[in-house]
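Take a look at the structure set out below.
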Amino acid sequence: YKRQGCVWLLYYLVVPIGVLKSHLAQLTAGRLGCELAEFGRNCAGRLIPEIKQLQKSLRDTVSTIRQGANVVQARTANIKDGNDSLSSRT
C-alpha cells in the first residue's frame with residue numbers, strides 16, 4: 001500500500017505540478033505563446049483554466065502596451081519633424 005501511495009502521489013501530484021511549474025517558468029521568461037495541455041481534473045489539473053486565463057491576460061496586456069508604444073513613437077516622430085521644420089525656418 002505504501003508503494004501504491006507513492007506512485008499515486010507521483011502520478012497525480014508531483015508530475016502535474018512539475019508541468020505547471022515548467023509552464024509558468026516559460027511565461028516568466030516571456031514566452032506567452034506556449035500552450036498548456038489539459039491533463040485531467042485532479043488538484044493540479046484544476047489550475048489549468050486559471051493559468052490559461054492568466055496567460056491570455058498577459059498577452060492582451062503586452063499587446064496593448066505595444067500598440068501604445070507604436071502610437072507614442074509615431075507621434076514623437078511627428079513632433080520631431082515639426083521641430084526640425086520650425087528650426088529650419090528660424
Show the atom names and distances, to 0.1 Å, of all donor-acceptor pairs under 3.5 Å that link a side chain in residues 25-35 to residues at least two apart or in another chain.
unit_1: Thr28; atom_1: OG1; unit_2: Leu24; atom_2: O; d: 2.9

Would you mind writing out the side-chain donor-acceptor pairs for residues 82-89 within the sub-3.5 Å range, not counting sequence neighbours?
unit_1: Asp84; atom_1: OD2; unit_2: Lys80; atom_2: NZ; d: 2.6
unit_1: Ser85; atom_1: OG; unit_2: Arg89; atom_2: NH2; d: 3.4
unit_1: Ser87; atom_1: OG; unit_2: Asn83; atom_2: O; d: 3.4
unit_1: Ser87; atom_1: OG; unit_2: Asp84; atom_2: O; d: 3.1
unit_1: Ser88; atom_1: OG; unit_2: Ser85; atom_2: O; d: 2.8
unit_1: Arg89; atom_1: NE; unit_2: Ser85; atom_2: O; d: 3.2

Without placing hydrogens or testing angles, list every side-chain donor-acceptor pair under 3.5 Å for residues 64-76, not counting sequence neighbours.
unit_1: Thr64; atom_1: OG1; unit_2: Asp60; atom_2: O; d: 3.0
unit_1: Asn70; atom_1: ND2; unit_2: Arg66; atom_2: O; d: 3.4
unit_1: Thr76; atom_1: OG1; unit_2: Val72; atom_2: O; d: 2.7

Short question: side chain of Thr61, backbone of Ser57 - any donor-acceptor pair under 3.5 Å? yes
Value rounded to 0.5 Å, distance of CG in Leu47 from NE2 in His23: 12.0 Å
Can you list the other members of the hydrophobic cluster that holds Val14, where links are side-chain heavy atoms under 4.5 angstrom apart? Leu10, Val15
I need the full list of salt bridge (Lys or Arg N to Asp or Glu O under 4.0 Å) pairs touching residues 41-52, with sequence neighbours left out, sorted by first then second residue. Glu38-Lys52
Which residues pass the side-chain contact (heavy atoms from CB on, under 4.5 Å) test with Phe39, not counting sequence neighbours? Pro16, Val19, Leu20, Asn42, Ala44, Ile48
